[in-house]
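Single-structure report; data block below.
Numbering of ligands and ligand atoms starts at 1, following listing order.
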Amino acid sequence: MLRSQATRLIANSRAIGAKRTFSLATSSFNRQFTKPLISTRGLKQINFGGTVETVYERGDWPREKLLNYFKDDTFALIGYGSQGYGQGLNLRDNGLNVVIGVRKDGASWKAALEDGWIPGENLFTVEEAIKKGTYVMNLLSDAAQSETWSTIKPLLNKNQTLYFSHGFSPVFSDLTHVEPPKDLDVILVAPKGSGRTVRSLFKEGRGINSSYAVWNDVTGKAHEKSQALAVAIGSGYVYQTTFEKEVNSDLYGERGCLMGGIHGMFLAQYEVLRENGHSPSEAFNETVEEATQSLYPLIGKYGMDYMYDACSTTARRGALDWYPVFKDALKPVFEDLYASTKNGNETKRSLEFNSQPDYREKLESELETIRNMEIWRVGKEVRKLRPENK
Ligand SMILES: NC(=O)c1ccc[n+]([C@@H]2O[C@H](COP(=O)([O-])OP(=O)(O)OC[C@H]3O[C@@H](n4cnc5c(N)ncnc54)[C@H](OP(=O)(O)O)[C@@H]3O)[C@@H](O)[C@H]2O)c1
């Protein structure tokens, strides 16, 4: 056995051992909802591949400190979609005072009732909730933030802090018309994942990574407030950004490697295999199943080099030769995408589409097209064949 392989095996068994220990802590957390705020890595200055950045963690805001810091505050969460659900329940489980503001009897109102929010106690209309909040957390969909701004803005006062989870509305104010008042603190905490994951990781005793940014710092405490609130909503570690950088990187990433880019790459590879006579089962397994079930989790857990190392010498040689070819072919596409994000085209398109009264039906019809593609119909059958799904 090579020395490097032996070292890796030891490192892995340590990682697996660490995971086991963590699971035990997790079950105790599920009962108490207190453990994550006590865990700490203790480091604030991290050298990220040669660039030193300051990060904030749960250890910087232990539970008692958080409760004390926010003891006089009420968090008015406006909107109870993906992020409203995740952030709202995490704040509530952390012992903070939260009220939800949504359209009466809409889908979110019903979802909030199911999650135990009580009308008249901590579930209100948008207007009522804003009046009760010292923090107004605008977690409406981005299109809805623009549509409702003319009614929300007059309800805000200088003693409140206005919070977003995306830079979209204020950064592209020429398109959204969301111009935050200048006399109050305006902050952002953007979890790097869906609200469902914000919640599920928190319940497991883990945490989603988030960025934070400050738009207005009237009180001189906007940075501190953002860092504390990021921990309170269940973040793992938090890094600083600006509203502009957050929105550009976020729109770019989801159109690229996170969703659009990876979908396009799966389709291209699958189609070429099918055009060359490969069966659907073979084309799907070589494109998606092996990626999601075997290789991508290795990248997530231990890194890209580990994934290469775990594969055959034949696979390694080929991948090492071909990744620069893909990078060179795709870089111009990413450059176009970044430009389209930065110049507001992506925002314009999103606002125009998502503000249409029938946007849900139109979206559903596009998702139906995806659902009916051969590749994803094959995927459905392949998933059923997994032994754990039998
Ligand atoms: N989802 C993510 O993965 C994610 C990740 C990071 C940051 N963010 C950001 O977090 C914010 C919230 O996103 P989200 O994905 O949680 O939103 P979402 O799931 O689309 O939630 C939509 C919410 O907006 C309400 N709403 C829609 N139109 C409305 C209107 N005209 N008037 C009043 N309420 C209206 C909905 O209420 P009804 O049920 O009554 O329609 C619902 O409560 C956005 O800024 C987003 O960019 C999202």
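Note on ring orientation: taking the six-membered ring where Trp is involved, the planes of Phe48 and Tyr237 are parallel (angle under 30°, cut-offs 30° and 60°). Note: Phe266 and Tyr296 have parallel aromatic rings, judged against thresholds of 30 and 60 degrees for the angle between ring planes.
Applying the salt bridge (Lys or Arg N to Asp or Glu O under 4.0 Å) rule to pairs touching residues 217-227 yields Asp185-Lys225, sequence neighbours excluded.
Between Ile100 and Tyr85 there is no side-chain heavy-atom pair separated by less than 4.5 Å.
Within 4.0 Å of ligand 1, the residues that place a heavy atom are Gly79, Tyr80, Gly81, Ser82, Gln83, Arg103, Ala107, Ser108, Leu139, Leu140, Ser141, Asp142, Ala144, Gln145, Glu147, Thr148, Ser165, His166, Pro191, Gly193, Ser194, Arg360, listed by chain and number.
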Review point. Yes or no on ring pair (Phe, Tyr, Trp, His ring centres under 6.0 Å) for Tyr69 and Trp61, after CA distance, side-chain angles and deciding distance?
Key: CA-CA 9 Å; Tyr69 190 76; Trp61 288 93; 4.9 Å; yes

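Taking all atoms of both residues into account, the shortest heavy-atom contact from Leu298 to Tyr306 is CD2-CE2, 3.9 Å.
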